[in-house]
Amino acid sequence: MFKLKRYVKIIIGVEFMQMMVFTILLLGFDQLIKFWIRNNLAEFEHLKFGVDFVYLTFIKNRGAAFGILSGQRYLFIFLSILLLILLSFFYYKNLQADLIGSLALSFILAGGLSNLIDRFWLHYVVDFLAFNLFSFSNLPVINLADILICIGSLLLIYRAFLLEN
């Protein structure tokens with residue numbers, strides 16, 4: 001029985017390390033894209049991205065979604081750290097050895113940490129994906145981190161409501 005517990009701990013440790021490597025890769029990819037955007041585009045410059053309705057546009061977002069609460073950098077840093085800690089604790093208590101939960105946490109951690117790094121070092125979040133769908137010109141400019149957070153949140157909702165029943 002003692003050996004079984006030991007092997008289970010090793011397996012959970014390996015799965016946790018795989019999740020962290022995946023998280024770091026996503027985080028690094030987002031930071032690499034943001035670095036390229038900052039160094040190759042002027043603020044508000046548009047660059048067509050393959051199709052007619054997607055553009056690369058460098059925006060310095062000093063607020064939350066849609067620029068809400070602009071200038072509240074310390075509030076966003078505090079809330080980001082708090083939410084990432086709570087989410088990590090929730091994972092530790094409820095989602096270990098759960099593939100969907102691990103993926104959700106990886107996406108949310110990578111996105112949250114990437115935006116947190118921007119806020120901490122740059123004092124703004126680099127947003128770069130602009131969409132012009134159906135002639136709506138005021139859609140928010142977002143980044144890969146925002147997309148990762150949304151996907152992770154949807155995975156958590158899926159796991160909580162559809163897999164538990």
Side-chain angles (χ1 to χ4, degrees), residues 17-88 90-91 95 99-163:
M17 290 302 293
Q18 289 173 336
M19 183 196 72
M20 292 310 297
V21 167
F22 183 62
T23 301
I24 291 168
L25 288 173
L26 290 172
L27 169 70
F29 185 61
D30 185 57
Q31 284 293 305
L32 187 63
I33 293 170
K34 289 175 177 179
F35 177 80
W36 187 88
I37 294 292
R38 285 193 325 266
N39 289 300
N40 291 288
L41 293 178
E43 191 171 10
F44 305 113
E45 180 181 352
H46 293 288
L47 182 64
K48 187 175 172 183
F49 189 68
V51 292
D52 289 337
F53 58 88
V54 180
Y55 298 88
L56 292 178
T57 302
F58 177 28
I59 301 291
K60 295 178 180 179
N61 185 352
R62 299 183 192 283
F66 303 100
I68 297 171
L69 297 174
S70 184
Q72 299 297 318
R73 176 177 166 242
Y74 293 112
L75 173 66
F76 293 127
I77 289 173
F78 172 75
L79 289 176
S80 295
I81 292 171
L82 179 66
L83 289 173
L84 291 172
I85 290 170
L86 290 173
L87 186 63
S88 298
F90 177 72
Y91 170 80
L95 299 176
L99 178 62
I100 292 177
S102 294
L103 283 174
L105 183 69
S106 287
F107 287 141
I108 294 170
L109 279 177
L113 286 171
S114 186
N115 283 344
L116 182 62
I117 288 168
D118 284 1
R119 284 190 199 288
F120 189 77
W121 292 110
L122 303 172
H123 300 223
Y124 59 86
V125 173
V126 176
D127 285 335
F128 55 85
L129 287 172
F131 299 93
N132 188 7
L133 300 173
F134 312 113
S135 299
F136 292 114
S137 59
N138 290 332
L139 290 174
V141 179
I142 60 174
N143 59 38
L144 179 60
D146 298 336
I147 294 169
L148 293 173
I149 292 168
C150 289
I151 291 171
S153 299
L154 290 172
L155 285 172
L156 277 182
I157 292 168
Y158 171 76
R159 185 195 176 278
F161 293 109
L162 298 178
L163 291 183

With rounding to the nearest 0.5 angstrom, report the [atom1] to [atom2] distance, [X] to [Y].
{"X": "K48", "Y": "T57", "atom1": "NZ", "atom2": "OG1", "answer": "13.5 Å"}
{"X": "E43", "Y": "K60", "atom1": "CD", "atom2": "NZ", "answer": "5.0 Å"}
{"X": "N61", "Y": "F128", "atom1": "CG", "atom2": "CZ", "answer": "12.5 Å"}
{"X": "S153", "Y": "I108", "atom1": "OG", "atom2": "CD1", "answer": "4.0 Å"}
{"X": "F22", "Y": "L105", "atom1": "CZ", "atom2": "CG", "answer": "11.5 Å"}
{"X": "I117", "Y": "I77", "atom1": "CD1", "atom2": "CD1", "answer": "11.5 Å"}

> Between L83, L87, I81, which is the residue that forms a side-chain contact (heavy atoms from CB on, under 4.5 Å) with I85?
Replying inline: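 That would be I81; it is the only one of L83, L87, I81 passing the side-chain contact (heavy atoms from CB on, under 4.5 Å) with I85.
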> Which of these passes side-chain contact (heavy atoms from CB on, under 4.5 Å) with L129: V141, I59, I147?
Replying inline: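 Of the listed options, the one satisfying the test is I147.
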Please report the closest heavy-atom contact between [X] and [Y], naming both atoms and the distance.
{"X": "A104", "Y": "L155", "result": "CB-CB, 3.7 Å"}
{"X": "S106", "Y": "L26", "result": "O-CD1, 4.3 Å"}
{"X": "S80", "Y": "L116", "result": "CB-CD1, 3.8 Å"}
{"X": "L27", "Y": "A110", "result": "CD1-O, 3.7 Å"}
{"X": "R62", "Y": "F76", "result": "O-CE1, 4.3 Å"}

Ignoring hydrogens and geometry, is there a side-chain-to-backbone donor-acceptor pair from [X] to [Y] under 3.5 Å?
{"X": "Q31", "Y": "G28", "result": "no"}
{"X": "R119", "Y": "S114", "result": "no"}
{"X": "N143", "Y": "V126", "result": "yes"}
{"X": "N40", "Y": "I37", "result": "no"}
{"X": "D30", "Y": "A145", "result": "yes"}
{"X": "N39", "Y": "F35", "result": "yes"}

[Y] side chain reached by [X] side chain, heavy atoms, under 4.5 Å:
{"X": "E45", "Y": "F58", "value": "no"}
{"X": "I100", "Y": "Y158", "value": "yes"}
{"X": "L56", "Y": "W36", "value": "yes"}

> How are the rings of Y55 and H46 set to each other: parallel, tilted or perpendicular (split at 30° and 60°)?
Replying inline: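 Ring orientation of Y55 relative to H46: perpendicular.
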> Hey, are N115 and K34 close enough side-chain-wise for a donor-acceptor pair under 3.5 Å?
Replying inline: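 On atom types as modelled, these side chains qualify, holding a pair under 3.5 Å.
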